[in-house]
Amino acid sequence: MPADAVAVARPVEFELDLDVFDGPFDLLITLILRDEIDIWEVRVSRIIAEYVLKLADSGEFDLDATSQFVVLVAALLEMKSRLLLEEEVEEELEDLDPDEAAERLLERLVRYSQFKSVAGALRLRWGEHSARLYRSVPVPPALLRRPAPAGALPASALPAALAPLLREPPVPDTSHLADLAVSLVKELRRLRLILGDEGEFTFAAVAPEDRLQRAVTFFALLELHSGGEAVLRQKRHLGDIVVSRVSRPTLVAAAV
Amino acid sequence: MHALARRLEALLFISSRPLPPDEMAAACGCSTAAVDEALADLRVDYTAERHGVTLRDVAGGVTFAVADDCAEDVRRLTGAERPDDLTPALLETLAVVAYLQPVTRAEAAEVRGVSSEWALGSLEERGLVEQQGRADTPGAPILYCTGTRFLKLFGLRSLEELPPLEEFSLQAAEVDAIRARLHANAERRRA
Amino acid sequence: MHALARRLEALLFISSRPLPPDEMAAACGCSTAAVDEALADLRVDYTAERHGVTLRDVAGGVTFAVADDCAEDVRRLTGAERPDDLTPALLETLAVVAYLQPVTRAEAAEVRGVSSEWALGSLEERGLVEQQGRADTPGAPILYCTGTRFLKLFGLRSLEELPPLEEFSLQAAEVDAIRARLHANAERRRA
């Protein structure tokens with residue numbers, strides 16, 4: 001559960017200035033976990049953007065702290081996506097009459113609760129009986145009526161079963177990561193060209209079809225933003241992102 | 001001791017699985033009624049106070065087991081450890097398999113509301129659930145059921161000894177409380 | 001029955017090999033003299049006339065054995081035993097023991113990546129693996145190896161006849177390296 005990961009994580013120190021929250025990032029995480037801030041209200045993308053800015057500001061890259069940050073953000077995203085999924089299930093039920101949907105949910109909960117209670121009863125039985133010792137000794141050959149047939153199983157089955165366990169696992173294929181590293185630079189170059197030519201464009205207009213490539217484009221946008229080269233705007237939630245050139249080189253802080 | 005009881009004692013001693021009375025009757029060439037009678041004699045002789053082993057009815061048959069107060073000595077000798085405790089997730093999955101068997105992974109997941117792939121694999125590795133062929137449905141998913149070891153470790157004669165599922169139902173008042181909460185939510189959403 | 005005699009009865013019942021009195025004394029935390037005394041009690045109780053099993057002195061130890069006149073019943077029972085069918089998990093565990101023996105439970109688990117307690121117990125029950133003393137490491141874990149029944153089931157005259165792993169694109173050196181690593185782990189545990 002992400003909550004555990006968050007509990008053991010080292011603090012990630014940086015200040016946030018969001019609509020719903022103003023203060024250290026770690027405090028925000030704590031408040032979300034305590035349900036004092038609704039995760040719905042928190043724009044995770046905004047947190048990422050601020051962190052990238054912080055990195056640009058500090059001018060140094062702390063791998064440990066950044067890894068922690070990625071873990072925490074991943075935990076937040078997981079929590080949020082779970083809520084989205086729940087919403088989806090409920091939406092599915094929303095096609096029904098709300099009362100009927102409630103009855104359906106009730107049915108499922110009631111059924112599940114039975115097995116949860118059975119699990120408790122099984123735990124008690126386990127405590128009482130699982131440690132009991134039974135004899136497990138093979139019958140002496142002299143007492144077997146039909147001695148086990150010699151060579152009943154093929155010996156070749158043995159190395160076949162063992163070999164996969166002993167073989168070194170293949171080296172993980174990291175080519176896709178290498179691709180990413182290269183294409184982020186390429187993508188930045190491409191976006192800078194478009195920005196220079198047109199002064200303004202939308203994310204939808206420049207993003208490639210491929211999901212991974214789109215993610216790279218998005219990172220490149222954040223990079224442009226954090227470097228003070230572009231301003232990002234979004235008119236509505238989940239709407240298209242408008243990217244505009246910053247006319248003069250600006251201080252990073254002024255771009256925020 | 002009764003002559004037949006002696007012979008049953010030998011069978012029970014040698015067999016590493018619980019023996020159903022009819023199998024013992026076949027081996028001894030006598031009636032199941034005679035076996036039952038001789039077993040009653042044996043049960044009287046093998047009470048925990050008198051012997052280090054006792055007779056137990058488990059997993060569809062009769063078997064000897066070490067008397068509970070002698071188990072620690074045996075563990076010191078053999079180094080056998082108690083089986084690791086089952087986590088709540090494993091117990092819950094096992095409950096689903098025990099009552100609904102044979103079940104597919106998807107059916108177990110549907111009841112529990114979460115993926116049960118890891119739990120089923122772990123239960124299988126512990127010998128508590130077994131694969132029992134494949135369902136005759138698209139994708140031919142694997143069917144899981146419980147086996148002898150499940151009955152032994154939970155001290156059950158057979159699956160029939162599991163209490164009926166209905167006994168674990170929520171109280172009417174609890175159901176009503178949940179219903180009220182769900183309908184209130186529905187109301188809010190409608191508004 | 002004498003309290004210690006009950007405990008010895010449990011040990012002898014569960015053990016797959018004859019037990020020397022000093023091992024029983026160690027398991028029960030008492031003197032060998034006390035064990036000898038309690039064994040004398042047991043011998044009186046377990047005479048062939050009274051029970052289907054008797055106490056025998058074999059190879060420096062004591063063991064329960066089926067009374068001679070009950071052997072025929074046992075043979076009739078075992079005639080119905082099922083043949084050895086090994087599940088993939090059992091075959092895998094057996095292969096680990098066969099090629100890397102002697103191995104501890106922890107080592108088998110390390111190679112397989114999953115707990116192997118049930119699998120080893122089940123193989124032991126089938127007489128395919130045997131306990132061969134204990135490792136000289138903390139906790140003195142049991143060492144498992146294959147026995148004669150294993151050789152017979154797979155039609156091998158000796159362990160040298162195990163098919164080489166080279167055909168499975170594994171070099172003998174690699175297998176040696178794994179064996180060495182297992183033993184190095186054992187060393188580390190000892191340190």
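As the structure is a prediction and not an experimental result, all values here were calculated from the model. Chain A is the first sequence line, chain B the second, and so forth, proteins listed ahead of strands; every chain is numbered from 1. Values below: every heavy atom of this structure, side chains too, minus hydrogens, waters and symmetry copies.
- Salt-bridge annotation for A:Arg125 and A:Glu128: absent, with no side-chain N of the basic residue lying under 4.0 Å from a carboxylate O of the acidic one.
- Contact annotation: the side chain of A:Ile241 never approaches that of A:Thr202 to less than 4.5 Å [non-hydrogen atoms, C-beta and beyond].
- Using a 4.5 Å cut-off between heavy atoms, B:Leu100 contacts chain A through its side chain alone, with no backbone atom that close.
- Within the 4.5 angstrom heavy-atom criterion, atoms from both the backbone and the side chain of B:Ser169 approach chain A.
- For a residue to count as touching a neighbouring chain, one of its non-hydrogen atoms must lie under 4.5 Å from one of that chain's; by this rule B:Glu110 touches chain A with the backbone only.
- The most heavy-atom pairs under 4.5 Å with chain A, out of B:Ala71, B:Ala65, B:Ala98, come from B:Ala65.
- At a threshold of 4.0 Å, the pair B:Asp57-B:Arg43 counts as salt-bridged, since one of the basic side-chain nitrogens sits closer than that to a carboxylate oxygen.
- Ranked by heavy-atom pairs under 4.5 Å with chain A, the first of B:Leu86, B:Ile178, B:Val175 is B:Leu86.
- Ranked by heavy-atom pairs under 4.5 Å with chain A, the first of B:Arg179, B:Glu174, B:Glu167, B:Glu166 is B:Arg179.
- Contact check for A:Phe69 versus A:Ile47: side-chain heavy atoms found under the 4.5 Å cut-off.
- With a 4.5 angstrom heavy-atom cutoff, A:Leu124 does not touch chain B via any of its atoms.
- Only the backbone of A:Val137 has a heavy atom closer than 4.5 Å to any heavy atom of chain B.
- The aromatic rings of B:Phe154 and A:Trp126 are tilted relative to each other, their planes meeting at an angle between 30° and 60°.
- For the pair B:Glu9 and B:Tyr46, the minimum side-chain heavy-atom distance is below 4.5 Å.
- Using a 4.0 Å cut-off between charged nitrogen and carboxylate oxygen, A:Glu50 and A:Arg46 count as a salt-bridge pair.
- B:Leu12 does not touch chain A: none of its heavy atoms, backbone or side chain, sits under 4.5 Å away.
- In this structure, chain B has a heavy atom under 4.5 Å from the side chain of A:Pro140, while its backbone stays farther away.
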